[in-house]
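What follows is a set of notes on a single structure, which appears directly below.
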Amino acid sequence: MDTLRNLFDDFYDLVKPAVFRRTEEDPKKAHELFRRFCGVLSFTHLEKLVLDNKSNLVPPPFELSNAAGLNKDGKFHPKVLRYLGFDRVVVGTVTNNPWDGNPRPTVRRYSETESMVNWEGLPGIGAERVAEKLESYGDHGIPITINFMATPKKQGDELLRDLEGTVRRTRDLPYVDRYEPNISCPNTHSGSGGNDTRDGNLRMLDSMLLVICQEVYREQDIYLKISPDSTQADVNDTVDIMRNHRVRGFTTTNTTTNHDRRYIPVSPQVDGRQVGGASGNAVYEHSLSIQKLYEERRKEIGANWKLIAVGGINSLGRVRERLEAGASGIQLYTPLVFSGPRFLRELRRYR
Ligand SMILES: Cc1cc2nc3c(=O)[nH]c(=O)nc-3n(C[C@H](O)[C@H](O)[C@H](O)COP(=O)(O)O)c2cc1C
């Protein structure tokens, strides 16, 4: 059962150095190559034969899913991600309208420190086309989370209608049982011309949650995607707002704009200004400490919300650390790029 998967994982390790070299200027090309390769597997119905393996037979003692950004437009067939080793598939960030995002390149890889910086700016094909894509996969049986935010530049009532539009278009799709509002993207244009909407999102959080909770079905969960750059005051405010709404938990965390020079020796610049959110090793410590602040608040107020850990989780030791800090789920993006799909099999054997 594992022979072809062993070959697949070996192949990833073998071609990685050459692919990294050839895509150094625009690392998104490597991602597109991987997606196209996976697309061929699902088109030819070979995904089970090639990717499935013994580690998929027993679930690990935590929920394992891809992090948002890896499958922005839902272009990975859910079965491919399932056989790779994920139990849940996150799609997004989805915006109601299509959006181009920033001009490429918008990602930089730091291989020596297994970190990345991205300033993609929420590019996407829009909720309508994402929904059509997900409908086309039929009866796959894999739980889906929709990570979403308003189309950049929208403000006030327009922003709220945008969120409403995405939920309405996706809530009846098969296996969509969770929503993850992305209030923590550090790279989006605000309606007022700024490049970081995180503070604005926090100010609008109450109105956003009012709309989201009205539109999301009661049997579907809502998890807020949190910034690792939050302050204690942000955590307290978020928790206070969230207590008035039907939110199930938090996904901690997104990328950080605090570029630690140990991991990001030279930050990407656009028009002479530092850009981007750092992920992988560069976000691990920030991410863990914010997760701990949320867990502390949870205990203080006796809430039963759940925590999903994401950010630089690239070893079993780090999984343990995040579970001990209260997480019941783990998400991955950057560690998968550097450690390859073999890492998913290792993670699934965690006991
Ligand atoms: C290239 C790239 C694109 C991303 N796009 C999104 C996104 O669209 N929405 C989102 O909520 N998070 C996005 N993220 C953040 C990840 O979901 C994750 O929170 C962060 O990278 C930390 O996890 P990691 O170290 O496992 O990558 C993106 C990350 C990367 C590297």
Side-chain angles (χ1 to χ4, degrees), residues 23 26-32 34-35 64-75 86 89-95 99 101-102 104-110 113-125 130 145-152 166 178-188 197-198 201 223-230 250-258 260 263-264 268 275-288 290-291 308-315 318-319 322 327 329-339 343-344 347:
T23 59
D26 187 358
K28 263 182 97 165
K29 285 187 181 162
H31 185 70
E32 286 159 358
F34 184 68
R35 187 173 52 73
L64 183 56
S65 59
N66 65 288
L70 187 137
N71 188 24
K72 274 184 190 288
D73 295 322
K75 287 182 179 166
F86 293 116
V89 167
V90 176
V91 175
T93 294
V94 179
T95 54
W99 184 253
N102 294 322
R104 282 168 71 166
T106 50
V107 179
R108 190 175 294 174
R109 242 182 341 241
Y110 296 82
T113 60
E114 300 199 357
S115 302
M116 299 209 285
V117 172
N118 90 84
W119 58 103
E120 295 204 280
L122 299 186
I125 57 179
V130 170
T145 297
I146 303 287
N147 170 302
F148 72 117
M149 204 0 82
T151 312
T166 299
R178 189 178 294 173
Y179 281 87
E180 192 176 72
N182 174 11
I183 55 169
S184 48
C185 177
N187 310 303
T188 39
T197 51
R198 290 177 297 180
N201 284 341
Y223 282 66
L224 287 183
K225 177 101 178 246
I226 297 296
S227 167
D229 304 329
S230 314
F250 299 100
T251 304
T252 49
T253 65
N254 212 311
T255 55
T256 174
T257 49
N258 287 323
D260 184 331
Y263 304 105
I264 312 293
V275 288
S279 58
N281 278 329
V283 76
Y284 184 76
E285 289 157 32
H286 300 276
S287 190
L288 174 63
I290 292 300
Q291 183 190 321
I308 297 172
V310 52
I313 304 172
N314 58 9
S315 68
R318 285 187 170 182
V319 170
R322 302 296 281 255
I330 300 285
Q331 294 184 354
L332 304 177
Y333 187 169
T334 309
L336 189 63
V337 171
F338 293 107
S339 305
F343 181 49
L344 287 172
L347 275 186

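One-based numbering, in listed order, for ligands and for the atoms of each. Computed over heavy atoms, backbone and side chain alike; hydrogens, waters and symmetry mates excluded.
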(request) Spell out, as yes or no, whether a donor-acceptor pair under 3.5 Å connects the side chain of Gln291 to the backbone of Arg322. (result) yes

Run through all N or O atoms in ligand 1 and write down each protein N or O closer than 3.5 Å, as a pair with its distance.
{"unit_1": "ligand 1", "atom_1": "5 (N)", "unit_2": "Lys72", "atom_2": "NZ", "d": "3.3"}
{"unit_1": "ligand 1", "atom_1": "8 (O)", "unit_2": "Lys72", "atom_2": "NZ", "d": "2.7"}
{"unit_1": "ligand 1", "atom_1": "8 (O)", "unit_2": "Thr93", "atom_2": "N", "d": "3.3"}
{"unit_1": "ligand 1", "atom_1": "8 (O)", "unit_2": "Thr93", "atom_2": "OG1", "d": "3.3"}
{"unit_1": "ligand 1", "atom_1": "9 (N)", "unit_2": "Thr93", "atom_2": "OG1", "d": "2.7"}
{"unit_1": "ligand 1", "atom_1": "9 (N)", "unit_2": "Asn182", "atom_2": "ND2", "d": "3.4"}
{"unit_1": "ligand 1", "atom_1": "11 (O)", "unit_2": "Asn147", "atom_2": "ND2", "d": "3.0"}
{"unit_1": "ligand 1", "atom_1": "11 (O)", "unit_2": "Asn182", "atom_2": "ND2", "d": "3.1"}
{"unit_1": "ligand 1", "atom_1": "11 (O)", "unit_2": "Lys225", "atom_2": "NZ", "d": "3.0"}
{"unit_1": "ligand 1", "atom_1": "12 (N)", "unit_2": "Lys225", "atom_2": "NZ", "d": "3.1"}
{"unit_1": "ligand 1", "atom_1": "14 (N)", "unit_2": "Ala68", "atom_2": "O", "d": "3.3"}
{"unit_1": "ligand 1", "atom_1": "17 (O)", "unit_2": "Ala68", "atom_2": "N", "d": "3.4"}
{"unit_1": "ligand 1", "atom_1": "17 (O)", "unit_2": "Ala68", "atom_2": "O", "d": "2.7"}
{"unit_1": "ligand 1", "atom_1": "17 (O)", "unit_2": "Lys225", "atom_2": "NZ", "d": "2.9"}
{"unit_1": "ligand 1", "atom_1": "19 (O)", "unit_2": "Lys225", "atom_2": "NZ", "d": "3.1"}
{"unit_1": "ligand 1", "atom_1": "19 (O)", "unit_2": "Thr253", "atom_2": "O", "d": "2.9"}
{"unit_1": "ligand 1", "atom_1": "23 (O)", "unit_2": "Gly311", "atom_2": "N", "d": "3.4"}
{"unit_1": "ligand 1", "atom_1": "25 (O)", "unit_2": "Gly280", "atom_2": "N", "d": "2.8"}
{"unit_1": "ligand 1", "atom_1": "25 (O)", "unit_2": "Gly312", "atom_2": "N", "d": "2.7"}
{"unit_1": "ligand 1", "atom_1": "26 (O)", "unit_2": "Tyr333", "atom_2": "N", "d": "3.0"}
{"unit_1": "ligand 1", "atom_1": "27 (O)", "unit_2": "Thr334", "atom_2": "N", "d": "2.8"}
{"unit_1": "ligand 1", "atom_1": "27 (O)", "unit_2": "Thr334", "atom_2": "OG1", "d": "2.6"}

(request) Please round to the nearest 0.5 Å and tell me the distance separating atom CG of Leu332 and atom CG of Leu70. (result) 9.0 Å

(message) Under the rule for side-chain contact (heavy atoms from CB on, under 4.5 Å), what residues qualify as partners of Asp26, not counting sequence neighbours?
(response) Lys28, Lys29, Arg104, Pro105

(request) State whether a side-chain donor-acceptor pair under 3.5 Å links Glu180 with Thr251. (result) yes

(message) Tell me whether the rings of His31 and Tyr333 are parallel (<30°), tilted (30 to 60°) or perpendicular (>60°).
(response) tilted

(request) Kindly say whether Thr113 contributes a backbone atom to a donor-acceptor pair with the side chain of Asn281 at under 3.5 angstrom? (result) yes

